[in-house]
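Written out below as structure tokens is the structure these notes cover.
Source: prediction; values computed, not measured. All chains are named by letter (A, B, ...) in the order of the sequence lines, taking the proteins before the strands, and each is independently numbered beginning at 1. Only this structure's heavy atoms are used, side chains among them; waters, hydrogens and symmetry mates stay out.
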Amino acid sequence: MARSLDIVYFAWVRERLGLDQEQVALGEGIETIADVVMMLVARGGVYAEIFADLAKLRFALDQDYGLPASPLGSAKELAIFPPVTGG
Amino acid sequence: MARSLDIVYFAWVRERLGLDQEQVALGEGIETIADVVMMLVARGGVYAEIFADLAKLRFALDQDYGLPASPLGSAKELAIFPPVTGG
Amino acid sequence: MIRISVGPDDFDIAVETARVSGQGGGAIASFIGQVRDDGNLQSLALEHYPAMTEKALHKIAETARADWPLHAVTIIHRVGKLAVGDNIVLVITGSDHRGAAIEACSFIMDKLKTVAPFWKKETRTDGTTKWIEERASDVDASQKWDLRKN
Amino acid sequence: MIRISVGPDDFDIAVETARVSGQGGGAIASFIGQVRDDGNLQSLALEHYPAMTEKALHKIAETARADWPLHAVTIIHRVGKLAVGDNIVLVITGSDHRGAAIEACSFIMDKLKTVAPFWKKETRTDGTTKWIEERASDVDASQKWDLRKN
């Protein structure tokens, strides 16, 4: 059974994609945050532009920060966003 | 012409002396805060008790902090009080 | 007691201070961040990640409570469109000791700036918009606390 | 703008914050000290040296303005008889930068504690009274700022 993952986008990532969230199916070998991002980059176009540079992005799995190498585990939601600028 | 100096007391110094302020005449050789304090100590009694230990006291000349060795100059008012405890 | 609030509404510093003060202590430190007019700023739009924001702020508050003897921590952060001079964020800490209250307040702000999932988009008076970028000085300020603990 | 006020009246944190905020910036730090109930405290009597107090507080505020980029400094200190939970002191600083506002606020409190001519006398619930003594930790906190500058 294919696993699925909700991806949510914020700030300029959201704006440039024109997308708040999407659901993706996780194929074999997609085990980490970086794997998901590479999958998005492979779509080409604006995805490739936005997600090529991991250093410009931050990630959270089920609302806790994760690193590119963090395993997805049983997470339901991956958030991808720029460094935060609140306060 | 004898110089005169107003001395003002605060907190427990004031309470133990039972005195807010007094005016003293400064004789020859009374040039520093320490000289004034020694003059007070020489009165004996509660003055001797209170003013014997300079380390327990703080001083201000015309509302600016001074040290025992500070010259009186033309100051009009000497304040003698314990270390401050506001805030 | 920890109080976290995230939403569009403004806060009342007097009400929030009284709430912290009511938790005991005698030392109350607070910080307010407002939209600063740097010349031609029109407004700010504050976006956040609702599912994560309160969780992240709670974690910061709990860390502060573990590191300093605090009676109360309040963190209020506004979202949505804000004008120049509007309040953005309020942090209040209550302790028996002023050093603890002030340091914890400073810690919470530094962590909030680098960890809490908020993003600011500015609109200039000429109509142009821009997402504000992370500042190196904020990252430094945040990391100093981590180094201090080691 | 520096605002110094010494007297028996309580202060309104909302009014005072708005006043500082109105001077510009976007970073407002504040500290409130209140009479802390440490078990059997009845009240505090705060005495001061009227001719010197405002001068001393002004000097502290001016030093802070020279050392940090501040738009506004407010120092309010109450005198007279105060009950447990009553406000004693309020310090507010306004700046463009949160670090400057918070540090300056901390500096002002540390200096106020060791330099401003106030004295506290406590009355216990059993009726005994005692002048509060200088605390070594306050002296240390105050001196750290001087060392930092050298």
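Neither the backbone nor the side chain of D:Val91 comes within less than 4.5 Å of any heavy atom in chain B. For D:Lys55, the part lying under 4.5 angstrom from a heavy atom of chain B is the side chain only. Of the atoms belonging to D:Ile88, it is side-chain heavy atoms, and not backbone ones, that fall under 4.5 Å from chain B. Of the atoms belonging to D:Lys121, it is side-chain heavy atoms, and not backbone ones, that fall under 4.5 Å from chain B. Contact of D:Ala116 with chain B is made through the backbone alone, with heavy-atom distances under 4.5 Å.
With contacts defined as side-chain heavy-atom distances shorter than 4.5 Å, the pair B:Tyr65/D:Met52 qualifies. Looking only at side-chain heavy atoms (C-beta outward), B:Glu15 and D:Glu47 stay at 4.5 Å or farther from each other.
Distance check, rounded to the nearest 0.5 Å: CZ of B:Phe10 to CH2 of D:Trp119 gives 5.5 Å.
Summarising the local packing, NZ of D:Lys130 is surrounded by more than 12 heavy atoms from other residues, nucleotides or ligands at distances under 6.0 Å.
Checked against side-chain hydrogen bond (donor to acceptor under 3.5 Å, both in side chains), B:Glu77 has the following partners two or more places apart in sequence or in another chain: B:Gln63, D:Tyr49.
When D:Val115, D:Val89, D:Asp138 are compared by the number of non-hydrogen pairs under 4.5 Å with chain B, D:Val115 comes out ahead.
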Can I get a per-line list of side-chain donor-acceptor pairs under 3.5 Å for residues 80-87 of chain D, giving both atom names and the distance, sequence neighbours left out?
residue : atom : partner : partner atom : Å
D:Asp86 : OD2  : D:Ala83 : N            : 2.8
D:Asn87 : OD1  : D:Gln34 : NE2          : 3.0
D:Asn87 : ND2  : D:Asp10 : OD1          : 3.0

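The shortest heavy-atom contact between B:Gly87 and D:Met109 is CA-CE, 4.3 Å.
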| request: Test side chain to side chain contact (heavy atoms under 4.5 Å, CB included) on D:Phe118 and B:Thr85 and set out the steps. | output: CA-CA 6 Å; D:Phe118 294 99; B:Thr85 58; over 6 Å; no
